[in-house]
Amino acid sequence: MSNKTKLQSCLLSLDEQEKTSFKRYLKLNKGLRNENIEKLYQYYSDQNFEDVNSVNDRLVFRKVNMTGKFTERSINRLVSTLLELVQDYFVVKVVSYENFDKKIVLLKQLYERHLFDLFSKQLESIEKDFENLEIKYENDYLNLYNVFTLKFDYLSNLNKFNKYENELNELNQIRKYYHLAYHYIITLRMIALDLNQNYLIRSKKDKLEVEETLKIVRELELQAVPIIDAYANTIYSFSNIENEPQFYNLLEYLENRKFKDSEDEKYLFDFALNYCVLKISTGSNSYYQLYFKLNKLILEVPLFYTSGYLFDDTIKNIVIIGLRCGELDWVEYFLETYDDKFQPKRKEVLQNYCYAILYFHQKKYSESLDKLGGVPLETEHFKLPIRANYVKLYYETKNDSLITEMKLFNEFLLNNNKNGSITEFQLNQYKSFISITKKLNNTFKSEKGKLIKVMEKINNTSPLAERPWLLEKVKEKIGKVKS
């Protein structure tokens with residue numbers, strides 16, 4: 001390829017911003033170069049860079065106002081100098097690009113501009129960068145795919161005598177693998193998000209599609225990619241909540257902060273937390289401690305904060321699960337230490353609720369009732385637990401309002417389920433709580449047989465809200481029966 005052809009290809013590839021930038025670059029360098037370079041560039045620019053290769057050299061000589069006698073060599077020297085400056089300009093751009101994505105964009109531009117010497121050097125530099133990068137997410141795999149595709153295309157153009165046939169075959173397999181990894185990271189994430197949203201697979205068709213996807217991932221050995229393995233384990237766990245080994249694999253990634261401070265880490269923590277909730281709702285009490293452990297871990301995850309404040313649900317869940325695990329001192333420490341992480345606009349209401357349930361566990365029922373009164377019944381996210389706490393407080397204090405409170409709570413559940421404000425799962429969870437609390441309240445401590453049946457019902461009912469408290473109360477009554 002002649003210098004004129006190379007120059008035309010380079011100049012035509014400049015976008016408007018690059019044209020302006022290159023013009024400034026020429027001005028900065030004109031003291032070191034032939035003064036006719038700027039004139040030559042301006043002439044080609046006026047022609048929209050269309051005639052670099054075809055225009056008559058004598059015409060160029062006149063237009064640029066070159067002095068002395070015309071020779072083809074003088075024009076060729078000027079063209080070579082301008083080409084050299086264009087290439088130098090691209091080198092400066094390469095050096096200035098620290099962002100890895102931009103380096104790959106530039107690599108593509110060098111290839112399209114047929115600047116193969118620069119392309120080769122940039123490719124070598126990027127491949128060295130890959131050695132020092134931890135490849136984790138879909139964008140990393142997309143970058144790898146793009147780089148190896150450019151390398152494949154580059155070698156394909158050089159492969160006139162099958163010199164690079166083996167290397168090309170290997171490159172083709174590698175780039176296909178990277179593209180598959182990129183594709184299945186996105187696919188598995190979307191499946192996991194859908195399952196998390198709906199908790200369980202909704203239809204036979206959905207289940208078959210999920211199973212087929214997981215089968216392909218296994219066959220292609222894509223679970224060697226950590227983020228794919230993490231999402232696959234999430235899907236296995238949500239497809240069947242008895243798949244506990246897969247959940248523990250996911251838990252290991254989270255404990256080690258494998259995907260630290262990424263969106264994926266936030267998603268995976270959400271999945272793990274919801275899986276624990278599902279297990280707890282089916283009576284697997286050992287998951288309370290795991291749920292507590294996860295909630296403590298997320299305090300170190302920035303994406304569980306917004307503008308430096310913890311999400312309300314995060315605070316509420318940490319306090320509730322800490323109390324259920326008997327970590328009363330830690331909960332008190334949390335409320336004092338993370339006081340500045342409460343959203344200011346909702347801080348008072350949230351603190352009232354948290355201290356109300358802390359005081360309840362400390363058996364300070366009067367203080368608990370006082371704090372609960374500072375939480376409006378219609379407060380978003382607290383509508384159900386507030387009412388459940390009033391029921392528990394009235395039970396503990398033998399308040400005559402207990403029966404009325406349970407009736408009102410039951411009506412609230414039915415009305416809000418009908419208008420779509422609460423899910424079927426929440427309806428059944430709290431209806432069961434009310435029903436068992438009624439039976440417990442109406443059963444005398446001397447009726448041991450009935451109390452044992454109530455305890456069996458608590459253990460076997462799913463979903464059920466406030467299971468630990470109900471078990472504690474029935475055991476208290478059974479324990480008071482004289483032998």
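When a residue number appears, it is its place in the shown sequence, counting from 1. The structure presented is a predicted model; accordingly, all values stated were derived computationally and were not measured.
No donor-acceptor pair closer than 3.5 Å links the side chain of Arg324 to the backbone N or O of Pro468. Proximity of a side-chain donor or acceptor of Ser237 to a complementary backbone N or O of Asn233 within less than 3.5 Å is detected. Listed for the Asn419 side chain is a donor-acceptor partner under 3.5 Å among the backbone atoms of Ser421. Side-chain atoms of Tyr305 come within 3.5 Å of backbone atoms of Leu299 as a donor-acceptor pair (strictly under, hydrogens ignored). A donor-acceptor contact shorter than 3.5 Å is absent between the side chain of Thr234 and the backbone of Ala192. With hydrogens and angles disregarded, no donor-acceptor distance shorter than 3.5 Å links the side chain of Thr461 to the backbone of Leu464. At distances below 3.5 Å, at least one donor-acceptor pair connects side-chain atoms of Thr20 with backbone N or O atoms of Glu16. At least one donor-acceptor pair closer than 3.5 Å links the side chain of Asp140 to the backbone N or O of Tyr137. The backbone N or O of Ile241 lies less than 3.5 Å from a partner atom in the side chain of Tyr275, making a donor-acceptor pair. A donor-acceptor contact shorter than 3.5 Å is absent between the side chain of Ser125 and the backbone of Lys121.
The local environment of CD in Glu472 is crowded, with over 12 non-hydrogen atoms from other residues, nucleotides or ligands closer than 6.0 Å. For Glu211, the CD atom sits in a packed shell: over 12 heavy atoms of surrounding residues, nucleotides or ligands are nearer than 6.0 Å. Phe269 CZ: more than 12 foreign heavy atoms inside a 6.0 Å radius. Sparse packing is recorded around CD of Glu348, with 12 or fewer heavy atoms of other residues, nucleotides or ligands lying under 6.0 Å away. With a 6.0 Å radius and a threshold of 12 heavy atoms from other residues, nucleotides or ligands, Tyr333 has its OH atom at or below the threshold. More than 12 non-hydrogen atoms from other residues, nucleotides or ligands lie less than 6.0 angstrom from NZ of Lys136. By the neighbour-count criterion of 12 heavy atoms within 6.0 Å, atom NZ of Lys439 is sparsely surrounded, having that number or fewer from other residues, nucleotides or ligands. Within 6.0 Å of the CG atom in Asp117, the count of heavy atoms belonging to other residues, nucleotides or ligands does not exceed 12.
Nearest approach of Ile315 to Cys354, heavy atoms of both residues: CG2-SG, 3.9 Å. Between Val225 and Ala181, the closest heavy-atom pair is CG2-CB, 4.3 Å. What you find for Ile357 and Leu323 is that their closest heavy atoms are O-CD1, 3.5 Å. Residue Leu303 comes nearest to Phe311 through the heavy atom pair O-CE1, 3.4 Å, listed as atom of the first residue, atom of the second, then distance. Summarising the geometry of Cys325 relative to Phe292, their closest heavy-atom pair is SG-CB, 3.8 Å, with the distance given to 0.1 Å. The two residues Leu254 and Ala272 come nearest to each other via the heavy atoms CD1-CB, 3.6 Å.
Screening Tyr145, Phe152, Phe148 for a ring pair (Phe, Tyr, Trp, His ring centres under 6.0 Å) with Tyr178, the sole residue that qualifies is Phe148.
Between the CD1 atom in Ile280 and the CD atom in Gln289 there is a gap of 10.0 Å [rounded to 0.5 Å]. Taking CD of Glu456 as the start and CG of Asn459 as the end, the distance is 8.0 Å to the nearest 0.5 Å. In this structure, CG on Asp194 lies 11.5 Å from CZ on Phe238, to the nearest 0.5 angstrom. In this structure, the separation between CD on Glu138 and OH on Tyr184 is 15.5 Å, given to the nearest 0.5 Å. How far CG of Leu168 is from CZ of Arg175: 9.5 Å, rounded to the nearest 0.5 Å. A distance of 10.5 Å separates CG in Leu294 from OH in Tyr287, rounded to the nearest 0.5 Å.
Asp339 and Gln351 share a side-chain donor-acceptor pair at under 3.5 Å. Side-chain contact of Gln223 with Asp229: a donor-acceptor pair under 3.5 Å is present, judged by distance alone. A donor-acceptor contact under 3.5 angstrom links the side chains of Asn196 and Asn274, judged on distance only.
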Go through the steps for Phe247 and Leu290 under the test side-chain contact (heavy atoms from CB on, under 4.5 Å), then give the verdict. CA-CA 11 Å; Phe247 171 73; Leu290 280 175; 4.0 Å; yes

Taking it one step at a time, do Glu244 and Lys279 satisfy salt bridge (charged side-chain N to carboxylate O under 4.0 Å, His left out)? CA-CA 10 Å; Glu244 294 187 29; Lys279 293 295 286 186; 3.0 Å; yes

Please report the C-alpha distance between Arg257 and Glu265 in whole Å, then the side-chain angles of each, then the deciding distance to 0.1 Å, and finally whether the salt bridge (charged side-chain N to carboxylate O under 4.0 Å, His left out) criterion is met. CA-CA 8 Å; Arg257 301 291 308 277; Glu265 183 179 46; 2.5 Å; yes

Apply salt bridge (charged side-chain N to carboxylate O under 4.0 Å, His left out) to Arg189 and Glu263, showing your working. CA-CA 11 Å; Arg189 183 191 293 122; Glu263 283 282 353; over 6 Å; no

Could you give me the CA-CA distance, side-chain angles and deciding distance for Lys151 and Glu167, then say whether side-chain contact (heavy atoms from CB on, under 4.5 Å) is met? CA-CA 10 Å; Lys151 186 175 181 180; Glu167 191 173 348; 4.0 Å; yes

Could you give me the CA-CA distance, side-chain angles and deciding distance for Ile104 and Ile126, then say whether side-chain contact (heavy atoms from CB on, under 4.5 Å) is met? CA-CA 8 Å; Ile104 294 172; Ile126 286 174; 4.2 Å; yes

Under the criterion side-chain contact (heavy atoms from CB on, under 4.5 Å), I'd like the reasoning laid out for Trp330 against Ile318: C-alpha separation, chi angles, the key distance, then a yes or no. CA-CA 10 Å; Trp330 186 90; Ile318 287 172; 3.5 Å; yes

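Ring-plane geometry between Phe116 and Tyr154 is classed as tilted, the angle between the planes lying from 30 to 60 degrees on a 0 to 90 degree scale.
Residues Asn317 and Leu273 are not in side-chain contact: their nearest non-hydrogen atoms beyond the backbone lie 4.5 Å or more apart. For the pair Leu414/Leu427, a side-chain contact is recorded, criterion being any heavy-atom separation below 4.5 Å from C-beta on. Here the side chains of Tyr231 and Leu250 are not in contact, with every heavy-atom distance at 4.5 Å or above. Within the 4.5 Å cutoff, the side chain of Leu413 has heavy atoms near those of the Leu384 side chain. Side chains of Val319 and Leu358 form no contact here, defined as non-hydrogen atoms less than 4.5 Å apart. Counting only heavy atoms from C-beta outward, the side chains of Ile434 and Val391 never approach each other to under 4.5 Å. For the pair Phe259/Pro226, a side-chain contact is recorded, criterion being any heavy-atom separation below 4.5 Å from C-beta on.
At least one test fails for Arg387 against the ring of Tyr430: distance under 6.0 Å to the centre or angle within 45° of the axis. In this structure, Lys383 fails the cation-pi test against Phe412, since its NZ or CZ atom is not both closer than 6.0 Å to the six-membered ring centre and inside 45 degrees of the ring normal. Remark: Lys316 fails to qualify as a cation-pi partner of Tyr353 under the 6.0 Å distance and 45° angle criteria applied to the six-membered ring.
Between Lys293 and Glu255, at least one side-chain nitrogen of the basic residue sits less than 4.0 Å from a carboxylate oxygen of the acidic one, meeting the salt-bridge criterion.
Under the rule for a side-chain hydrogen bond (donor to acceptor under 3.5 Å, both in side chains), the partners of Asn139 that lie at least two apart in sequence or sit in another chain are Asp101.
Taking the six-membered ring for Trp and the full ring otherwise, the centers of Phe342 and Tyr309 sit at least 6.0 Å from each other.
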